[in-house]
2 protein chains.
Amino acid sequence: EITEQLIAFFQKKPLLGKRVLITAGPTFEAIDPVRGITNRSSGKMGFAIARAALEAGAQVHLVAGPCDLTTPLEATGKITRTNVVSAKEMHAATMQSVDCDIFFAVAAVADWGIAKPAKEKMKRQGKQAPILEFVANPDILADLAKTVKTKGGKPHPYCVGFAAESTDLQKHAEEKRKRKGIPMVVGNIGPDTFGSDLNQLLIIDESGSKKIAKAEKLQLARQLIQLVAKKI
Amino acid sequence: EITEQLIAFFQKKPLLGKRVLITAGPTFEAIDPVRGITNRSSGKMGFAIARAALEAGAQVHLVAGPCDLTTPLEATGKITRTNVVSAKEMHAATMQSVDCDIFFAVAAVADWGIAKPAKEKMKRQGKQAPILEFVANPDILADLAKTVKTKGGKPHPYCVGFAAESTDLQKHAEEKRKRKGIPMVVGNIGPDTFGSDLNQLLIIDESGSKKIAKAEKLQLARQLIQLVAKKI
């Protein structure tokens, strides 16, 4: 922790005085008190971005889905962490924090929740399969993007979306950028990166796309933070 | 690790020369390459039983679902760990290891898997909810219990099931013991204990039921191991 603080101290500080909001990790949609639908996100990329933003001088609010990661650089007193479980909870926690300069939507948020989660653990009924009724979850990134205003000719907050795709990353990421109406989407091939300390990014903004070669997630996060800092 | 080995060295050794098979953790049933159905089991109780069995002198095979826990007392060379993801994989790994003296079915195994997991990440189709078709998973404990023989008038292997219920623990656990045809079921109130280092057990066998008061999972595991050791 002391070494980490020393390292942080010597990073460039382009985000001094800036507020950064980050969602990270998976969400968990309860089926009953025991079971639920989740995804393979480990939270490592979002937590690395939180650390890199702190190193760059920002005040950080980290909204984290269920994951076992330690809050980065907690001793700086510049990070607030809100733990949530479901996509609905993550939406609520995020929308309460829209007043920020940069928003990184890194969490892998469930598109659907269960309409009526069972209050008691569902018992196995022989070979009869359960029927799950779904409801669409709120779209956190799209809803936050609707609150964006222009400040000094620039979008405020500056919204960065993440895309985890198993194929056609460039195409899906570019589509996501347009559909959500945000200036930047960062793509990473999901199944390769989940749980790993390594990642490889494809950054897509209005000027085109840029690859950041495979590296530790913290190294990538630092490059991403320097890049986004120039946009605001 | 050295302290842990020293502690292990001084525990009673009623399982010297015995082989113990344990399943632990949740299973993860893939919906697509990213999403899946899982449960809130942390794996801590199963891993604690593995440690307690090693301390008691046993040779242990631990079949673990997706969890971040370290293999206990690995340096003893007396533990083998097989990592699995789905219930089907856990069933296969367990059935290959039926030649044991005690079997602890601690894992929270999904009753149902997804009939046809998508090969590519499913895209959100507006407000239209996905339709998931389920198939019943194999019943690991019931299938292993079918292989049980009698050795010196005692069932071999001695099978211990676990029950995580949100209500009526005693009733459900006793029913499970009879349904699966096994000599012992250990009950714990699931949602209270998942992820926690503490637990509280209700041990049910042919002679009746016995409560083990709230304590650290490792303490409970040691008591359980001493109790089961007397049965074989």
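Fair warning: this is a prediction, and the values are worked out from it, not measured in the lab. Numbers restart at 1 for each chain; the letters A, B, ... are given by sequence-line order, proteins then strands.
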Evaluate whether atom [atom1] of [X] has more than 12 neighbouring non-hydrogen atoms of other residues, nucleotides or ligands under 6.0 angstrom away.
X	atom1	answer
A:Gln5	CD	yes
A:Lys176	NZ	yes
B:Glu206	CD	yes
B:Asp143	CG	yes
B:Glu216	CD	no

Measure the spacing between [atom1] of [X] and [atom2] of [Y] and express it to the nearest 0.5 Å.
X	Y	atom1	atom2	result
B:Glu133	A:Leu132	CD	CG	12.5 Å
A:Lys121	B:Asp168	NZ	CG	13.0 Å
A:Ile114	B:Ile37	CD1	CD1	7.0 Å

* **Interface moiety of A:Ile131 toward chain B, non-hydrogen atoms closer than 4.5 Å** =>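 When you check distances to chain B, no heavy atom of A:Ile131 falls under 4.5 Å.
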* **Considering all heavy atoms, the nearest B:Asp111-A:Arg35 contact** =>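 Nearest heavy atoms, B:Asp111 then A:Arg35: OD2-NH2, 2.9 Å.
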